[in-house]
Amino acid sequence: MNDVASTLGNIVRKRILVTGGAGFLGSHLCERLLSEGNDVICMDNYFTGNKQNIAHLMDNPAFELMRHDVTFPIYLEVDEIYNLACPASPIHYQHDPVQTTKTSVHGAINMLGLAKRTGAKIFQASTSEVYGDPKVHPQTEDYWGHVNPIGFRSCYDEGKRCAETLFFDYRRQHNLRIKVGRIFNTYGPRMHPNDGRVVSNFIVQALTGEDITIYGEGDQTRSFCYALDLIEAFHRIMATDDSFTGPVNIGNPDEFTIRQLAEKVLQMTNSKSKLVFKDLPSDDPTQRRPDISLAKKELDWEPQVKLEQGLEKTIEYFDTLLKGGKPSTEARVIGAA
Ligand code: NAD
Ligand code: UDP
């Protein structure tokens with residue numbers, strides 16, 4: 001730890017930078033880090049995130065909000081960096097694909113440069129998309145993937161792959177303390193209602209009585225992890241000793257077809273919405289499920305929240321939001337294993 005950390009009694013107070021901190025996962029992470037007594041700098045350019053996600057943290061003197069684009073260098077004194085800045089939903093990352101690649105690649109270079117100068121430990125929010133449309137199932141960390149380098153998803157997939165390369169080269173060349181987590185589909189309160197990802201789309205459509213848009217036949221699979229389970233994994237990854245770098249898969253291994261997800265959401269919302277079938281976007285992965293053996297072994301971590309429990313909390317969130325109310329900031333699931 002460098003000298004910006006301070007000690008108060010037995011509590012070590014770290015100064016932690018979260019890029020993409022006003023986004024869905026970033027806001028949950030900021031909240032968790034503050035609850036542990038740290039100083040948190042939340043950096044965001046508000047491309048897909050918004051101030052509403054972190055409004056409840058603004059009065060906390062240990063919280064600092066900074067509008068900044070991660071593709072530009074920045075000079076700060078920090079002990080730890082969580083690099084989450086990057087749009088995660090296909091419609092958003094395909095909106096300006098050149099900026100998406102820049103965010104992953106220039107963003108990684110800038111944050112790794114900051115980590116090099118300050119000696120900070122640095123975590124990269126990587127993704128299951130580094131496996132592309134995988135031919136190995138479930139996906140293990142030693143699988144190199146099956147990725148189209150020139151398609152519509154490539155700006156995200158290849159950007160994240162290049163970011164991983166940079167992390168490991170900075171490790172080899174400059175001995176940086178790096179941590180790489182490969183995140184599988186994650187959902188929960190504070191996803192943006194127009195985010196375009198499948199869980200938020202289906203819930204919003206079901207609650208408003210619109211058609212549920214299934215892309216393709218709906219037999220492609222995904223494995224859905226609840227946000228707070230994932231934040232616990234981030235915490236455990238950062239706490240590993242310096243010899244542990246990852247990459248490590250973090251996600252929920254319970255796998256569902258997209259049609260099963262639609263039916264579950266319809267049933268849980270008592271909705272009369274109809275299923276409609278739309279064209280499948282190009283390069284849409286046909287199956288995805290993490291092998292989390294490494295996370296179990298190295299982090300003693302596995303998800304605790306079942307899909308129904310997480311969906312219930314997420315439905316509650318969107319229901320309040322759509323009725324014009326102020327959703328609770330409490331995302332914990334009572335009774336999770
Ligand atoms: P999100 O879109 O809600 O959050 C991303 C945040 O990054 C937003 O607040 C956005 O405004 C900010 N941002 C984007 N470009 C930026 C830039 N150039 N400079 C500064 N800030 C910028 O998405 P999320 O689901 O919270 O994802 C967070 C991270 O986790 C992303 O890196 C994403 O790739 C990764 N991830 C998420 C999932 C998932 O299912 N949620 C899966 C795999 C990987
Ligand atoms: N999907 C869908 N309807 C929607 C949104 C997404 O059928 O309204 C499908 C999408 O084609 C993909 C899966 O759901 O097969 C997950 O999509 P998402 O955008 O959430 O994440 P991805 O895993 O593709 O990055």
Side-chain angles (χ1 to χ4, degrees), residues 16-30 41-50 53-54 66-74 80-115 122-132 145 147 149 151-168 170 178-188 190-192 194-197 200 225 227 230-231 233-234 237-238 246-251 283 285:
I16 303 179
L17 172 65
V18 178
T19 77
F24 159 51
L25 293 176
S27 60
H28 287 292
L29 177 62
C30 289
I41 304 172
C42 167
M43 181 226 280
D44 208 295
N45 71 348
Y46 307 118
F47 174 48
T48 50
N50 61 75
N53 285 338
I54 32 100
M66 179 183 282
R67 180 190 286 265
H68 181 79
D69 188 317
V70 80
T71 60
F72 294 95
I74 192 155
E80 290 180 358
I81 303 166
Y82 287 85
N83 187 34
L84 272 64
C86 187
S89 154
I91 55 164
H92 288 133
Y93 69 64
Q94 289 169 22
H95 170 74
D96 185 349
V98 173
Q99 175 66 14
T100 299
T101 303
K102 278 190 190 170
T103 295
S104 280
V105 177
H106 292 192
I109 291 171
N110 290 331
M111 289 305 113
L112 287 161
L114 180 62
I122 179 165
F123 169 84
Q124 167 67 359
S126 192
T127 168
S128 54
E129 287 282 326
V130 299
Y131 301 121
V147 179
F152 289 105
R153 295 176 87 101
S154 311
C155 57
Y156 184 74
D157 300 10
E158 297 289 20
K160 289 283 189 178
R161 284 168 69 94
C162 183
E164 285 201 12
T165 307
L166 285 161
F167 268 68
F168 280 86
Y170 267 80
I178 63 156
K179 313 278 175 196
V180 175
R182 290 184 179 154
I183 305 167
F184 285 64
N185 297 64
T186 302
Y187 69 98
R190 292 196 211 134
M191 291 186 93
H192 196 281
N194 300 323
D195 180 275
R197 283 181 275 190
S200 44
C225 187
L230 197 82
I231 300 301
F234 285 8
I237 293 174
M238 205 51 132
V248 56
N249 289 339
I250 41 179
D283 298 330

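Just the heavy atoms: all of them, side chains too, but no hydrogens, waters or symmetry mates, feed the values below.
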Kindly give the heavy-atom pair with the smallest separation between [X] and [Y], and that separation in Å.
X    : Y    : result
A233 : I250 : CB-CG2, 3.6 Å
V105 : L166 : O-CD1, 3.8 Å
T186 : F24  : O-CE2, 3.6 Å
C30  : G21  : SG-O, 3.9 Å
D157 : G132 : OD2-CA, 4.3 Å
F123 : G181 : CE1-N, 3.8 Å

Taking [X] for the side chain and [Y] for the main chain, is one N or O donor matched with an acceptor at less than 3.5 Å?
X    : Y    : answer
S89  : D195 : yes
N50  : N53  : yes
S126 : V180 : no
D44  : A22  : yes

Evaluate side-chain contact (heavy atoms from CB on, under 4.5 Å) for M111 paired with Q124, printing each intermediate quantity in order. CA-CA 10 Å; M111 289 305 113; Q124 167 67 359; over 6 Å; no

In this structure, are over 12 heavy atoms from other groups packed under 6.0 Å from F152 atom CZ? no

For H95, look at atom NE2 and say whether over 12 heavy atoms of other residues, nucleotides or ligands are found less than 6.0 Å away.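 Counting other residues, nucleotides and ligands, NE2 of H95 stays at 12 neighbours or fewer.
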
In this structure, CG of L29 is separated from CD1 of I16 (nearest 0.5 Å) by 8.0 Å

Take the angle between the ring planes of Y156 and Y93 and call it parallel below 30°, perpendicular above 60°, tilted in between.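 Rings of Y156 and Y93: parallel, as their planes differ by under 30°.
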
List the steps and the verdict of side-chain contact (heavy atoms from CB on, under 4.5 Å) for Y131 and N249. CA-CA 11 Å; Y131 301 121; N249 289 339; 2.8 Å; yes

With a 4.5 Å heavy-atom cut-off, do E129 and K160 have their side chains touching?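 They are not in side-chain contact.
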
Show, in sequence, the C-alpha distance, side-chain angles and deciding distance for M66 and I74, and conclude whether the side-chain contact (heavy atoms from CB on, under 4.5 Å) test is met. CA-CA 11 Å; M66 179 183 282; I74 192 155; 3.5 Å; yes

From CA spacing to verdict: side-chain contact (heavy atoms from CB on, under 4.5 Å), T48, H192: CA-CA 8 Å; T48 50; H192 196 281; over 6 Å; no

Which residue, T71, D69, V70, forms the side chain to side chain contact (heavy atoms under 4.5 Å, CB included) with H106?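 Per the side chain to side chain contact (heavy atoms under 4.5 Å, CB included) rule, the option paired with H106 is T71, out of T71, D69, V70.
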
